[in-house]
Amino acid sequence: MTVANAELSGAVLPRSFFARPAVEVAPELLGLWLWHGRTAVRIVEVEAYEPDDPASHSFIGPRPRTRSMFGPPGHLYVYRSYGVHWCANVVCDAPGVGSAVLLRAGEPMVGASLMAQRRAPASALRQLCSGPGKLCSALAIDATQDGVDLCRPGGSPRLSAPVGIDPGRGPTGWVPNPTDVIRTTRIGISKAIDQPWRWLLTGSPHVSRRAAQG
DNA sequence: CGAATGATGGTCT
DNA sequence: GACCATCATTCGT
C-alpha cells in the first residue's frame with residue numbers, strides 16, 4: 001500500500017462495536033470504509049438480518065454455509081447469491097446468535113480504476129458498487145474471504161473509520177449524523193418484507209435503489 | 001422509465 | 001425439484 005493510502009486507511013473499529021444486534025450496528029456502518037487490498041469503498045447502503053428473522057440465513061440455525069454468521073462479531077460472512085454473485089455481511093452480536101449486516105452498496109474511494117476493471121464492461125463510478133453483488137465483484141471479495149476478521153489493523157479485508165475519526169470514542173464508536181440516514185424496508189426478499197431494516201446515506205447516488213420520495 | 005427474463009449453483013424439502 | 005439477501009440485458013411504454 002502506498003503511504004497516501006495508509007494515511008487514508010483510518011483506524012479499525014473495536015470488536016465491541018459489532019457485539020450488538022445487527023439492527024443497532026447497521027446504520028452506524030454507513031460512512032465507514034471497507035478495504036480490500038488496494039481498493040476501498042465508503043459504505044452507503046446496508047441491511048440487517050436477525051436470528052428470529054425468516055428472511056435471514058441464520059433463521060434455521062447453523063449450517064455449513066452459514067458457519068461464519070454464527071462466529072465472532074466483526075468477521076465477514078460471504079455467501080453465493082443466485083449461483084452467480086457473492087454477497088458480503090458483517091457478523092454482529094455474540095457468537096452463536098446469527099446476526100449480520102448485508103453490505104449492499106458502496107462509493108468507490110480508493111482504486112476506482114481497478115474496480116472498474118473488475119466490473120467491466122461497467123465503467124460509470126455509480127455503477128461499480130451499487131448492489132451487494134457488484135460491491136463484492138469490485139472489491140474482489142469471494143468465498144476466500146468468508147470468516148475473515150475485519151478488525152485487524154492493516155488486515156485485508158478490513159473495516160475502518162473515516163480519517164480523523166476515533167472509532168473508539170463514545171459508547172458505540174462512530175455514529176453518523178441521523179439526518180444523513182434514510183431508513184426503508186429491505187430489498188429482494190420474500191419473507192419479513194415489512195421490517196424497516198435497510199439504511200442508506202441520504203442523497204448518495206451510489207445506492208442500489210433510491211428510497212421512495214417522501 | 002419499468003417489467004420480464006436467463007444465467008447459474010448451492011441448499012433445502 | 002423449488003427456491004433464492006442478484007445482475008445485465010432485452011423489450012415495452
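Residue numbering restarts at 1 for every chain, and letters A, B, ... go by the order of the sequence lines. As a basis for the values below, the full set of heavy atoms in this structure was taken, side chains included, without hydrogen atoms, waters or symmetry mates. Here the structure is a predicted model, which is why all the values come from computation and not from measurement.
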Notebook entry, point to check: Tell me, for nucleotides 8-13 of chain B in 5' to 3' order, what letter each nucleotide earns: B for a base near a protein heavy atom under 4.0 Å, S for only sugar-phosphate near one, - for neither?
Noted result: BB-SS-
Nucleotides 8-13 of chain C: which of its N/O atoms have a protein N/O under 3.5 Å away?
residue : atom : partner : partner atom : Å
C:dA8   : OP1  : A:R119  : NH1          : 2.7
C:dA8   : OP1  : A:R119  : NH2          : 3.1

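A salt bridge between A:R15 and A:D149 is present, with a side-chain N of the basic residue lying under 4.0 Å from a carboxylate O of the acidic one. For A:R65 and A:D146, the salt-bridge test fails: no basic side-chain N is under 4.0 Å from an acidic carboxylate O.
Contact check, A:S190 against C:dC4: a side-chain N or O comes under 4.0 Å of OP1 or OP2. Note on A:H57: a side-chain N or O is less than 4.0 Å away from OP1 or OP2 of C:dA5.
You'll find the side chain of A:V148 reaches within 4.5 Å of the side chain of A:P157, heavy atoms only.
Distance A:R198 CZ to C:dA5 C1': 12 Å, rounded to the nearest Å. Protein atom CG of A:N89 is 14 Å distant from nucleotide atom C1' of C:dT6, rounded to whole Å. The CZ atom of A:R209 sits 10 Å away from the P atom of B:dG2 (whole-angstrom rounding). Residue A:L102 contributes atom CG, which lies 14 Å from atom C1' of C:dC4 at whole-angstrom precision. The nearest whole Å value for the distance from the CZ atom in A:R186 to the C1' atom in C:dC4 is 14 Å. Computed from coordinates, the A:I141 CD1 to C:dT6 C1' distance equals 16 Å when rounded to whole Å.
When every heavy atom of A:R198 is checked against every heavy atom of A:S208, the shortest pair comes out as NH2-OG, 3.9 Å. Across every non-hydrogen atom of A:A122 and A:L128, the tightest pair is O-CD2, 4.1 Å. When every heavy atom of A:V110 is checked against every heavy atom of A:R38, the shortest pair comes out as CG1-O, 3.4 Å.
Under the 6.0 Å distance and 45° angle rule, A:R42 does not count as a cation-pi partner of A:W33. Cation-pi contact between A:R20 and A:F17: present, with separation from the ring centre below 6.0 Å and deviation from the ring axis of at most 45°.
In this structure, A:S208 reaches neither bases nor backbone, as no heavy-atom distance under 4.0 Å exists between it and the strands shown. Here A:I189 lies in heavy-atom contact (under 4.0 Å) with sugar-phosphate atoms only. Within 4.0 Å (heavy atoms only), A:R104 reaches sugar-phosphate atoms of the nucleic acid but no base atom.
With respect to A:L30, the side chain to side chain contact (heavy atoms under 4.5 Å, CB included) criterion is satisfied by exactly one of A:I182, A:V181, A:T202, A:L200: A:V181.
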Next item on the list: Could you give me the CA-CA distance, side-chain angles and deciding distance for A:H57 and A:Y49, then say whether ring pair (Phe, Tyr, Trp, His ring centres under 6.0 Å) is met?
Entry: CA-CA 8 Å; A:H57 291 172; A:Y49 289 86; 7.3 Å; no
Check: Using Watson-Crick and G-U wobble pairs whose two distances are both under 3.5 Å, how do you write the pairing of DNA chain C as dot-bracket, with | for links to another strand?
Finding: ||||.|||||||.
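A:W86 and A:L34 end up in the same hydrophobic cluster when Ile, Leu, Val, Met, Phe, Trp and Tyr side chains are linked at under 4.5 Å.
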